[in-house]
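To start, the structure under review is shown below, and the notes come after it.
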Protein chains: 2
Amino acid sequence: MPRTLITHPTDLTGNGTHTREYVLFKELKADELDRLSSLSKIKILSEKQYLLSQYSPALQVFNIASGIALIERIASNGDRQVLAFIFPGDFVGLTQSEHFEYGVKCITEMQAYAFKRSEFTALTEAIPQLKKNVSDIGANVLARALDQVFILGQKKAEERLCFLFLQLLERLPGATPDYIHLPMTRQDIGDYLGLTVETVSRALAKLKKEGLISIPSPHILKIEDLDGVTDLGEVE
Amino acid sequence: MPRTLITHPTDLTGNGTHTREYVLFKELKADELDRLSSLSKIKILSEKQYLLSQYSPALQVFNIASGIALIERIASNGDRQVLAFIFPGDFVGLTQSEHFEYGVKCITEMQAYAFKRSEFTALTEAIPQLKKNVSDIGANVLARALDQVFILGQKKAEERLCFLFLQLLERLPGATPDYIHLPMTRQDIGDYLGLTVETVSRALAKLKKEGLISIPSPHILKIEDLDGVTDLGEVE
DNA sequence: CGATGCTTTGAATCTCGTCAAGATGTGTGG
DNA sequence: CCACACATCTTGACGAGATTCAAAGCATCG
């Protein structure tokens, strides 16, 4: 059982510049953090492993300590939609249903704090601030899902990519316009943005040709024209 | 001030077959309903009016008593995404932010109960069951948004239409496979499914030709092959 | 019954997907 | 450290699906 919980993702990354408003631990007092801590078990996973599996019983909830993952839904015909990328500090697994309707797959090695769902829910009742945080996180998740609906419904390939870049800038620890390490594959990106790998690759090439970005190596991205990228990718 | 609140949409439609699990009033006691009722003001709107406007201050929340509406988000360039259709019994307007990020536009004439957001939130704290209902509704809204992400990311025009048909069957009061009255325009459908009006029209024609549906008049839909429609439109 | 708005259909164009090949990276064992 | 194998990424040619622009058919409502 861990003695201390990491209370802020910046503690992990050493990056103090990111503002993370939707965090499980927000404004909790020391004793409340202790109670949370005492209920958590750390879980360590390597890349490509599943933190939780679609259709498995929803018995646990998780708070990501380190690493990057994605949330995916796979249909019976094999169609795969990536619903979100998740980052340190994110909270996943809370659902009203008995089983998870999605899987969470690690993109990198990962450390996460696991809570028994029942215990976590009980604690949520005992600590109003925690309950509020969970509800804020839920609202934030919804807001991002609606953004995704918007770009999938309205935008073209290049615009969708720019949308992703902006999200990464905001949420990926350590990301700056000069250097974004893309931990996910082109396939992951495609499945997130509703595109094929080939289209992702071509759209990247086009953005590069237009001088908006450069790609020193396949998983390193530099934004050359942030205003241009923002124009294409922003949701309103 | 209204004396009684309608406690279930079936009270309105006279249709007792629809199961509405995510309803604001669920399992509230008589005195709790009274308190809710005493805070509500009925609001009557005609078609094309806005129950609430994008970017306006989020001072009220609403429970739909009768009528049909849609939730839309309009970008500065005029792109419009319909985020959802809403029906009697639905609850809209609760957000964490100061302003609404979306508008709610009536498709038909509408009656809705309006609550001051502050008063509603206070009541939510006083009545745990009400708070639970609100949170269940939120979870349901998220689940539907994720379905929409999946559809927009993975499916073709005809499949998207079938997805809509199934949703209408489930949620539109009075809808049966033999007779679905489509209250929205082709434009609304297109903006919901990420398609143009023309594509909607053509996809409908194709589904008709394939014998899956028939369209006796532009706003009346009959599902001829429910299994076929289900195969195309279901989310997993 | 005529006017207006909505819906359908047609033709050209464009974007994206599919299939296929080649290039680049990554990881492994020698 | 190199060589090889496998996975990932890129690029090309082609085709399918969706959009655009334009015009014609239908509803609906005064």
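Just so it is clear: chains get the letters A, B, ... in the order the sequence lines come, proteins before strands, and each one is counted from 1. Just so it is clear, the structure is predicted and the values come from calculations on it, not from any experiment.
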Exercise for review: Answer with base, sugar-phosphate or nothing: what part of the nucleic acid does A:Thr185 contact at a heavy-atom distance below 4.0 Å?
Suggested key: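 If one applies the 4.0 Å heavy-atom cut-off, A:Thr185 turns out to touch the sugar-phosphate alone, with no base involved.
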Exercise for review: Just call it for A:Gly194: base, sugar-phosphate, or nothing, with non-hydrogen atoms closer than 4.0 Å on any strand.
Suggested key: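 Contact class for A:Gly194: sugar-phosphate only.
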Practice item. Enumerate the residue pairs fulfilling ring-ring contact (aromatic ring centres under 6.0 Å, His included) with a member in residues 139-169 of chain A, sequence neighbours excluded, ordered by first and then second residue. Key: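 Qualifying pairs: none.
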Distance check, rounded to the nearest 0.5 Å: [X] atom [atom1] versus [Y] atom [atom2]?
X	Y	atom1	atom2	answer
A:Ile151	A:Leu161	CD1	CG	9.0 Å
A:Leu212	A:Glu158	CG	CD	8.5 Å
B:Lys222	B:Ile180	NZ	CD1	11.5 Å

Compare the minimum distances between each of [options] and the side chain of [X], then state the nucleotide with the smallest one.
X	options	result
A:Thr196	D:dT19, C:dG17, D:dT10	C:dG17
B:Ser201	D:dT10, C:dC6, C:dT8	C:dT8
A:Arg186	C:dT8, C:dC6, D:dC9	D:dC9

Could you check how far [atom1] of [X] sits from [atom2] of [N], rounded to whole Å?
X	N	atom1	atom2	result
A:Lys206	C:dC14	NZ	P	11 Å
A:Ile151	C:dC16	CD1	C1'	15 Å
B:Lys156	D:dT19	NZ	P	13 Å
B:Gln187	C:dT4	CD	C1'	17 Å
B:Gln154	D:dG17	CD	P	16 Å
A:Leu195	D:dG17	CG	P	17 Å
B:Leu182	C:dC6	CG	P	16 Å
B:Ile107	C:dC6	CD1	P	13 Å

Listing time: all N or O pairs from protein to nucleotides 21-27 of chain D that are below 3.5 Å?
residue: D:dC21; atom: N4; partner: B:Glu198; partner atom: OE2; Å: 3.0

Is any side-chain heavy atom of [X] less than 4.5 Å from a side-chain heavy atom of [Y]?
X	Y	answer
B:Tyr55	B:Ile74	no
B:Gln96	A:Tyr22	no
B:Leu182	B:Leu168	yes
B:Phe100	B:Gln54	no

Point to revise | Contact nearer the 5' end of DNA chain C, comparing B:His219 with A:Thr199 | key: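 Result: B:His219.
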Exercise for review: With axes from five pairs an end, tell me the bend angle of the helix from C:dC1-D:dG30 to C:dG30-D:dC1, nearest 10°.
Suggested key: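 What I find for the helix from C:dC1-D:dG30 to C:dG30-D:dC1 is an axis angle of 40°.
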**Study point:** Charged N-O contact under 4.0 Å between A:Asp90 and A:Arg171
**Key:**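 Answer for the salt bridge query: yes.
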